[in-house]
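Notes follow once the structure below has been shown.
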Amino acid sequence: MTNVTPGPLYPFKESPSQTAGPYVHIGLTPNFCGIEGVYDQDLGIAMVSDKTRGERITVEGRVFDGAGTPLKDVLVEIWQADTDGLYNSPAEQRGTADPAFTGWGRCAADQTTGHFRFETIKPGRVPFTDGRLQAPHINIWIVARGINLGLNTRIYFEDEADANAADPVFERFEHKDRVATLIARGGNGKYSHDIHLQGPQETVFFDI
Amino acid sequence: MKNSRPQAANYFPRDRAWHPQAYAPGYKSSVLRAPQRPLIAFANTLSETTGPAFGHDLIGPLDNDLTLNFAQPGMSAIGERVVVQGRVMDERGQPVPNVLLEFWQANAGGRYRHKKDNYLAPLDPNFGGCGRTVTGDDGTYAFRTVRPGPYPWPNGPNDWRPAHIHISVFGHAFAQRLITQMYFEGDPLIPRCPIVRTINDPAAIDMLVARLDMDASAPMDSLTYRFDIILRGSRSTLFENRLEGN
Ligand SMILES: [Fe+3]
C-alpha cells in the first residue's frame with residue numbers, strides 16, 4: 001500500500017448506531033421488565049457493597065424531551081472513578097482501583113415517573129490530558145426510543161465549587177452559562193440532576 | 001504521583017455523518033429527543049478511555065441460546081432456527097476480545113415480551129427474547145435464536161420494522177459503547193424502514209445487514225448468519241508508553 005492509494009486509511013468504519021428502541025429493557029434489564037429466570041439479576045443495579053470505600057451518595061433525576069415530558073422508557077448507564085480517582089478497568093494503568101467498586105451502573109427509568117436513581121460513591125478526581133485534575137464527575141450514557149446514537153454527558157457536583165471552577169473540560173465551553181446544566185444540585189450525599197434533551201435548559205452533550 | 005500522569009488522547013473521533021442523525025424527522029420519536037445545540041468535544045481522558053470489564057464467568061450455559069434460555073424443560077422457542085456469529089473488531093481490524101454483547105428481539109411472530117407491546121401476534125411461552133455472551137480472545141462470538149418476525153409500529157400510517165435483532169456492545173472503553181441493530185440479508189422491509197433510513201449512507205446501512213452463511217449452517221438444524229461488529233479504533237502505537245497496546 002502506498003500513501004497515494006485512494007480510500008480509507010483504516011480498513012473499517014464503525015458499525016453505525018441504531019436506536020435502542022422502546023423495548024431496551026428486554027435486553028439490558030430483563031428482570032426489571034418481568035423476564036425472570038434467564039439471568040440471576042440485572043447487571044449494574046448494585047454499585048456499592050459494605051466493602052466499597054468512599055462517601056455514599058445517591059443521584060436521582062429525570063430525562064426530559066423538548067416538550068418538557070420526562071422519558072419513561074430511557075435507560076441510563078454511568079461510569080465513574082473510585083474514591084481515589086482510579087477506574088476499575090483493564091485500561092487503568094495508574095494503580096488498582098477499589099476491588100469492591102466496579103464504577104459502572106445501569107438504571108432503567110421508572111416506567112411511571114421517569115426517575116432514574118443510583119446509589120454510588122462520590123468519585124475521586126481524574127487527570128485531564130495535560131495532567132491537571134478534573135473536578136469529580138460521573139460519566140453518563142443515555143439511550144432510548146428516538147435517540148439514534150447514545151448520548152454522552154457528565155454529572156458534576158454543586159458542593160465541589162472550587163474544583164468545578166478549575167475544571168479543564170469546563171474551560172472548553174464557549175457559553176459558560178451551560179456549565180450549570182451539568183451540575184447536580186444537593187449535598188450531604190443526596191443529589192438531584194435532571195437532563196434536558198432540548199430547550200433553553202438543554203444539557204451539554206459531549207462528542208467524546 | 002499516580003494521579004497526575006497525563007493520558008494520551010486516543011480514540012478516533014466518531015464520524016457523525018456516518019452514524020444516523022440525531023434529528024431524523026422520518027422517525028418521529030427523534031424529533032423531540034434530539035439535542036439541538038452542538039456537541040462539545042474535548043480530547044479523551046481516562047474517563048473515556050477506560051470502561052467496565054465483564055468476565056466469561058458472568059455467562060451462564062444457556063445465556064447465548066434464546067431458543068432454550070426461557071423455555072420449559074424439554075421445550076424450545078417456535079420459529080426458524082438461526083445461529084448468528086461474527087467478530088467484534090475495531091476500525092483498525094484488531095479483534096476486541098472479552099467484551100460483553102447483549103441481544104434482544106421479538107419472537108418469530110414479531111411480538112416482544114414487554115408490557116408496552118400489544119401487537120396482536122401471540123407471545124411464545126418458550127421465548128423470552130434476551131441473550132448475552134462475551135467475545136473470545138479472537139473477538140468472535142455466536143448465539144442461537146429464532147429469526148424474529150417483522151412488526152408494525154406507530155410512526156407513519158403503515159410502517160413495519162424489518163426482522164431485526166438489537167445488539168448492545170461494550171468495548172474496552174466507555175467511548176466505544178454502542179447499541180445497534182442487525183438485519184437479515186434480502187429483507188424487502190430494510191430500505192422501507194424509517195429507523196434504518198435515519199442512516200444516510202447506503203454503505204453504512206449495508207454494515208448492519210447480516211449475510212446468510214450456508215457453509216457455516218448446520219444441516220437439519222439451523223441457518224447461520226454472519227454479522228461482524230466494528231467499534232471505534234484507537235491511536236495507540238508502539239511509540240506511546242503502553243507497549244502492550246489495548
Ligand atoms: Fe425492535
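Residue numbering restarts at 1 for every chain, and letters A, B, ... go by the order of the sequence lines.
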Given heavy-atom pairs under 4.5 angstrom as the criterion, report whether the side chain, backbone, both or neither of [X] touches chain A.
X: D117(B); answer: both
X: K116(B); answer: both
X: V196(B); answer: both
X: Y183(B); answer: side chain
X: Y27(B); answer: side chain
X: T50(B); answer: both
X: F227(B); answer: neither

Please look at [X] and chain B and tell me whether the side chain, the backbone, both or neither of the residue comes under 4.5 angstrom of a heavy atom of that chain.
X: Q134(A); answer: side chain
X: V169(A); answer: side chain
X: D40(A); answer: neither
X: L151(A); answer: side chain
X: P30(A); answer: side chain
X: I140(A); answer: backbone
X: T19(A); answer: both
X: V63(A); answer: neither

Verify the ring-centre separation between Y10(A) and F12(B): is it less than 6.0 angstrom?
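Ring centres of Y10(A) and F12(B) closer than 6.0 Å.
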
Heavy-atom pair count under 4.5 Å with chain A, highest-scoring of E102(B), M207(B), M89(B), H114(B)
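The option with the most such pairs is H114(B).
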
For the interface with chain A, which of I199(B), V31(B), V169(B), D228(B) has the highest count of heavy-atom pairs at distances below 4.5 Å?
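Among the listed options, the one with the most contacts to chain A is I199(B).
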
Interatomic spacing from [atom1] in [X] to [atom2] in [Y] - rounded to 0.5 Å:
X: E14(A); Y: Q176(B); atom1: CD; atom2: CD; result: 8.5 Å
X: L43(A); Y: L100(B); atom1: CG; atom2: CG; result: 6.5 Å
X: I40(B); Y: D207(A); atom1: CD1; atom2: CG; result: 10.5 Å
X: R232(B); Y: S15(A); atom1: CZ; atom2: OG; result: 13.0 Å
X: R37(B); Y: H196(A); atom1: CZ; atom2: NE2; result: 13.5 Å
X: R177(B); Y: W79(A); atom1: CZ; atom2: CH2; result: 12.0 Å

Ignoring hydrogens and geometry, is there a side-chain-to-backbone donor-acceptor pair from T180(B) to P16(A) under 3.5 Å?
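Between the backbone of P16(A) and the side chain of T180(B) there is a qualifying donor-acceptor contact (under 3.5 Å).
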
Test item: side-chain donor near acceptor, Y87(A) and S47(B), under 3.5 Å:
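Y87(A) vs S47(B): donor-acceptor pair found between side chains.
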
Taking the side chain as every heavy atom from C-beta outward, state whether T102(A) and P52(B) have any atom pair closer than 4.5 Å.
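No, their side chains stay 4.5 Å or more apart.
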
What pair of heavy atoms forms the shortest contact from [X] to [Y], and how long is it?
X: S29(B); Y: R145(A); answer: OG-NH1, 2.9 Å
X: A34(B); Y: Q198(A); answer: O-NE2, 2.8 Å
X: V38(A); Y: C130(B); answer: CG1-SG, 3.9 Å

Taking the inter-plane angle between the rings of F54(B) and W104(A) on a 0 to 90° scale, is it parallel (under 30°), tilted (30 to 60°) or perpendicular (over 60°)?
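Plane angle over 60°, so perpendicular.
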
Angle class for the Y23(A)/Y112(B) ring planes (parallel below 30°, perpendicular above 60°, tilted otherwise)?
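Y23(A) vs Y112(B) ring planes: tilted.
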
Tell me, yes or no, whether the heavy-atom count around R197(B) atom CZ, taken from other residues, nucleotides or ligands under 6.0 Å, exceeds 12.
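Atom CZ in R197(B) is not packed in, count stays at 12 or less.
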
Looking at Y39(A), is R132(B) sitting on its ring face, NZ or CZ under 6.0 Å from the six-membered ring centre and within 45 degrees of the normal?
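Cation-pi check for R132(B) and Y39(A): passes.
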
